[in-house]
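Ligands are counted one by one from 1 in listed order, and the atoms in each one are counted from 1 as well. Computation of the quantities below employed the complete heavy-atom set of this structure, encompassing side-chain atoms and omitting hydrogens, waters and symmetry-equivalent molecules.
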Amino acid sequence: MPVPIIIDCDPGHDDAVAILLAAGDPAIDLLAITTVAGNQVLEKTTLNARRICTVAGITDVPIAAGCARPLVQPLIVADDVHGASGMDGPRFGEPTVEIVPEHAVDLMHRLLTGHPEPVTLVPTAPLTNIALLLTRHPDVAEHIREIVLMGGSTERGNRTPAAEFNIYADPEAADIVFRSGLPLTMCGLNVTHQALATPDVLARLDGLDTELGRICAELMTFFASTYRRLWGFEAPPLHDPVAVARVIDPEIVHCADASVAVELHGTHTRGATVVDLHQYLDRPVNARVAVALDRKKFWDRVIGAVDTLGRSRG
Ligand code: BDR
Ligand code: CA
């Protein structure tokens, strides 16, 4: 049976591919897409969710907009990485897919409590919506099977030397999620940096010979240019689909149990995830932490999903 999930995202090039993977893979039942401010302001991340759903023919999945700013600190965006639109590269027409007139947190609460079985949450953005959901509606806990998120790192950061963007953008929200006691899987930079969209991947997407395949290749080409300019990467890492891939097949993303704490007060380390893989600290395990990626299986599933959606689009 497909696993029911809700993606909470800030599209974002890699968020867009995470949506395609979730919508196009038979192992997933995508119940909803919720958006949050992150890579760009909320209006833009929500528009981008509508854009990618429009070009992929995803018309039966509700999209709801959530929080426009972090819980405590001012908003930061990643326009240096994702461009002025938050999803620069392809030319998108006017989206035809609309959002539902409901706040993301209310939609999540309604879907979770109404679903016959517990649902997996897949956040691929700052954790503002998820933290608000858990604090405003403590009753949802029993309806959440697990939270499988993209964020943090066992190593260094990408927004500061210590902190990864999704955690750094709202550390208080991340702290609430990591201390929630819910089953949690963290897919951080240490593993998403193995999901590189190398030229052979772009060639496979182009070779699908569909409009959607070409749009994905264009997204990754823009993403490649910023990763080359900012970090000297030879190919861009597709962070967010890694979390979806973990739900699809745990064999794609290998994990280790660890205690994870979010640094809130460090002078130079605010937003860092302190991952105790070697049990130095006497702290209970609160997360499964991704440590290795099966790159071939990962790209086969991503390209398979893009192919499925692209073909059904005609
Ligand atoms: C994360 O930050 C965003 O820029 C990406 O979409 C991803 O979710 C990587 O640090
Ligand atoms: Ca993201």
**Student:** Quick test of your reading of the model: are Arg204 and Asp300 salt-bridged, counting only N-O distances below 4.0 Å?
**Tutor:** yes
**Student:** Which class fits the ring pair Phe222 and His13: parallel under 30°, tilted 30 to 60°, perpendicular over 60°?
**Tutor:** parallel
**Student:** If the threshold is 4.0 Å, N to carboxylate O, is there a salt bridge linking Glu146 and Arg246?
**Tutor:** no
**Student:** For ligand 1, which part of Val81 has a heavy atom less than 4.0 Å away: the side chain, the backbone, both, or neither?
**Tutor:** neither
**Student:** Side chain, backbone, both or neither: which applies to His82 and ligand 1 if a contact is any heavy-atom pair less than 4.0 Å apart?
**Tutor:** side chain
**Student:** At what distance is the nearest protein heavy atom to atom 8 (O) of ligand 1, and which residue and atom is it?
**Tutor:** Asp240 OD1, 2.6 Å
**Student:** For a distance under 3.0 Å, tell me if Asn39 has an N/O/S atom near the Ca ion (ligand 2).
**Tutor:** no
**Student:** Within the side chain of Asn39, is there an N or O that forms a donor-acceptor pair under 3.5 Å with the backbone of Asp10?
**Tutor:** yes
**Student:** Run the salt-bridge test on Arg110 and Asp106 with the 4.0 Å N-O cut-off and return the result as yes or no.
**Tutor:** no
**Student:** Quick check: closest heavy atoms across Leu277 and Ala258, and the distance to 0.1 Å?
**Tutor:** CD2-CB, 4.0 Å
**Student:** Number the atoms of ligand 1 from 1 as they appear, then name those within less than 4.0 Å of a heavy atom of Asn158, with their elements.
**Tutor:** 9 (C), 10 (O)
**Student:** Hey, is Thr192 touching ligand 1 through its side chain, its backbone, both or neither, going by heavy atoms under 4.0 Å?
**Tutor:** neither
**Student:** For the Ca ion (ligand 2), does an N/O/S atom of Asp240 lie at less than 3.0 Å?
**Tutor:** yes
**Student:** If the test is side-chain contact (heavy atoms from CB on, under 4.5 Å), which one of Val100, Val97, Ile19 qualifies with Ile63?
**Tutor:** Val97
**Student:** Just to confirm my output: which protein heavy-atom neighbour is closest to atom 6 (O) of ligand 1, and how far is it?
**Tutor:** Asp14 OD1, 2.7 Å
**Student:** Side chain or backbone of Asn39 under 4.0 Å from ligand 1, or both, or neither, by non-hydrogen atoms?
**Tutor:** side chain
**Student:** Hey, is ligand 1 close enough to His239 that some N/O pair sits below 3.5 Å?
**Tutor:** no
**Student:** Taking everything shown except Arg270 itself, do over 12 heavy atoms lie less than 6.0 Å from its CZ?
**Tutor:** yes
**Student:** What is the OD2(Asp15)-the Ca ion (ligand 2)-OD1(Asp10) angle, to the nearest 10 degrees?
**Tutor:** 70°
**Student:** What protein heavy atom is closest to atom 9 (C) of ligand 1, reported as residue, atom name and distance in Å?
**Tutor:** Glu164 OE2, 3.2 Å
